[in-house]
Structures are given as C-alpha cells and as structure tokens.
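Report on the structure given below.
All values derive from a computational prediction rather than experimental measurement.
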Amino acid sequence: MNKIDINPVVNKIQIVSIKELIEMNFDKAKILEICNQIYEMMDFICEDYPKHKSWFFQKQLPETLDINSGRDIVFARNKNKIICGTSFIKKDAMERKICTLFVDSAARGLGVGTALVEKSMELLGTDKPLITIADYKLPMFEGLIKKYHWQQTQVVTGLYNDYSNELVYNGYLEK
C-alpha cells in the first residue's frame, strides 16, 4: 500500500458519504471512481473475509448507489483528496450496523477513526451501532470501544472465516 501523506490536523480531513454526494448531484462517474478507490484501499481484507469482494460489488455498492437503500459508504479524505479511511453502514428495520471500519495505517492515531465512527453513528441514528470485530483485531478497536462504552453482547464462530471469532457489540446477529 502506498504511504499516504496526511496532515495530522484532524480538521483537514473531510468525512463524507456516498449518499451525500448522490444527493448533491455529484458526477456519477466520479462517485464510481471514489468507490473503486475505496475498494482498492481495502482489497487486502479478502484475506480475512474471503467473500468481501463479491459482498462489496454485489451487495454494498449497488445498495449504496440506490438512494432508497439503507446502506452507505462513509469515507475520509485529506486535503489532497486521498482516501484514508472508510466505514460501510447498514440501516434498516432490523439493524443499525457498522459493517466495515478501516483507517489506513498512515492515518491512524489522527482521529480519522473517531470521525468515521461519529459520522456513521449520526447517519445510523444511534450511538450504539451493531458492530463485529475479529477477536485478533480487538487491540486496534479497544480505544473506540471504551470511548463509546460499547458492550460486547455475543461471540460468533465461523462467521466470516474459519480461524477467528467475531466479537459482537451492541446487539445480536441472527444465526
């Protein structure tokens, strides 16, 4: 992954959602380009979540582009318009969920994760979104978990891969 040149001042980071761009009549080709950049930044995640690519392109992206759907992609970019973090969210009658949360390693510790979570919670209409975290990634998320007083409510085995447990916070996954 390319090193990202990011100014450590958090207020120079812009947090926006794809649906916001759609509502502003942003150029559709540019929206798709942004979505592809987001996917490329996260392509490595397929190692942990083997079905991520098909899920992104067959579920998350089409529903994000559907203005009537409850899915959205929130992303962070710096003043140079380099995308440095993202969250995928889902809001429907059953769930208010942060499906994916990622901050590029060059942007960690700068408040990008907090800004993405806060924007996601705003769009979801809750400060206790359902979120799952792979057990071996828990140290990366402990600060957010403590900051927002999220409560672990469930442990699910074999949800996304065969080698880790998913720790569920703020709700329950249907089996």
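Counting heavy-atom neighbours within 6.0 Å of K28 NZ, excluding the residue itself, gives a total of 12 or less.
In this structure the side chain of E20 reaches within 4.5 angstrom of the side chain of K119, judged on heavy atoms. Side-chain atoms of V16 and L21, non-hydrogen and from C-beta on, do get closer than 4.5 Å to each other. Within the 4.5 Å cutoff, the side chain of V112 has no heavy atoms near those of the F102 side chain. For the pair K59 and S54, the minimum side-chain heavy-atom distance is 4.5 Å or more. Between C35 and I31, the closest side-chain pair of non-hydrogen atoms falls below 4.5 Å. The closest side-chain heavy-atom distance from L110 to V103 is not below 4.5 Å. With contacts defined as side-chain heavy-atom distances shorter than 4.5 Å, the pair N165/V156 does not qualify.
R77 places no side-chain N or O within donor-acceptor distance of the main-chain N or O of I13, the cut-off being under 3.5 Å. Side-chain atoms of N170 come within 3.5 Å of backbone atoms of Q151 as a donor-acceptor pair (strictly under, hydrogens ignored). When atom types are taken as modelled, the side chain of S17 and the backbone of I73 share no donor-acceptor pair closer than 3.5 angstrom. Q154 contributes a side-chain N or O that, together with a main-chain N or O of L173, makes up a donor-acceptor pair within less than 3.5 Å. Proximity of a side-chain donor or acceptor of R96 to a complementary backbone N or O of L124 within less than 3.5 Å is detected. At distances below 3.5 Å, at least one donor-acceptor pair connects side-chain atoms of S69 with backbone N or O atoms of E63. Not one N or O on the side chain of K19 forms a donor-acceptor pair closer than 3.5 Å with the backbone of N68. Panel note: side chain Q58, backbone W55; no donor-acceptor pair is recorded below 3.5 Å.
Side-chain contact of D72 with T64: a donor-acceptor pair under 3.5 Å is absent, judged by distance alone. A donor-acceptor pair shorter than 3.5 Å cannot be found between the side chains of T114 and E118.
Here the straight-line distance linking atom CD1 of I67 with atom CD1 of I18 works out to 11.0 Å at 0.5 Å rounding. S164 contributes atom OG, which lies 5.5 Å from atom CD of E166 (distance to the nearest 0.5 angstrom). Separation of atoms OG1 (T157) and CG (D135) is listed at 8.5 Å; rounding is to 0.5 Å. The OG atom of S87 sits 8.5 Å away from atom CD1 of I15, with the distance rounded to the nearest 0.5 Å. How far CE of M140 is from OG of S105: 9.0 Å, rounded to the nearest 0.5 Å.
With I83 as the fixed residue, the side-chain contact (heavy atoms from CB on, under 4.5 Å) test singles out one of M41, E40, M42: M41. Each of L116, I89, I133 was compared with I98 under the side-chain contact (heavy atoms from CB on, under 4.5 Å) criterion, and only I89 meets it. When V117, D127, L130 are each tested for a side-chain contact (heavy atoms from CB on, under 4.5 Å) with W150, only one passes: V117.
One hydrophobic cluster, built from ILVMFWY side chains closer than 4.5 Å, cannot hold both Y172 and L167; they sit in different ones. V168 and M94 are not part of a single hydrophobic cluster, where members link through side-chain heavy atoms under 4.5 Å apart. Taken together through direct or relayed side-chain contacts under 4.5 Å among Ile, Leu, Val, Met, Phe, Trp and Tyr, F88 and F44 form part of one hydrophobic cluster.
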Next on the checklist: Please evaluate residues K91 and R71 with respect to the criterion side-chain contact (heavy atoms from CB on, under 4.5 Å), reporting the C-alpha separation (whole Å), side-chain torsions for both, the decisive distance (0.1 Å), and the verdict.
Outcome noted: CA-CA 6 Å; K91 179 180 177 181; R71 288 189 186 269; over 6 Å; no
Checklist entry - Please walk me through it: do K97 and I131 pass side-chain contact (heavy atoms from CB on, under 4.5 Å)? => result CA-CA 6 Å; K97 182 178 182 185; I131 187 168; 5.8 Å; no
Checklist entry - Are L65 and L32 close enough, and set up right, to give a side-chain contact (heavy atoms from CB on, under 4.5 Å), and what steps lead you there? => result CA-CA 9 Å; L65 297 174; L32 288 174; 3.7 Å; yes
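Side-chain rings of Y39 and H52 approach one another, their centers coming within less than 6.0 Å. Remark: aromatic rings of F141 and Y169 are distant, center separation not under 6.0 Å.
Of the charged side-chain nitrogens involved, none lies within less than 4.0 Å of a carboxylate oxygen, so that K147 and E142 do not count as a salt-bridged pair. With respect to the salt-bridge test (charged N to carboxylate O, under 4.0 angstrom), the residues K90 and D92 qualify.
The two residues T126 and M121 have their closest heavy-atom pair at O-CB, 2.9 Å.
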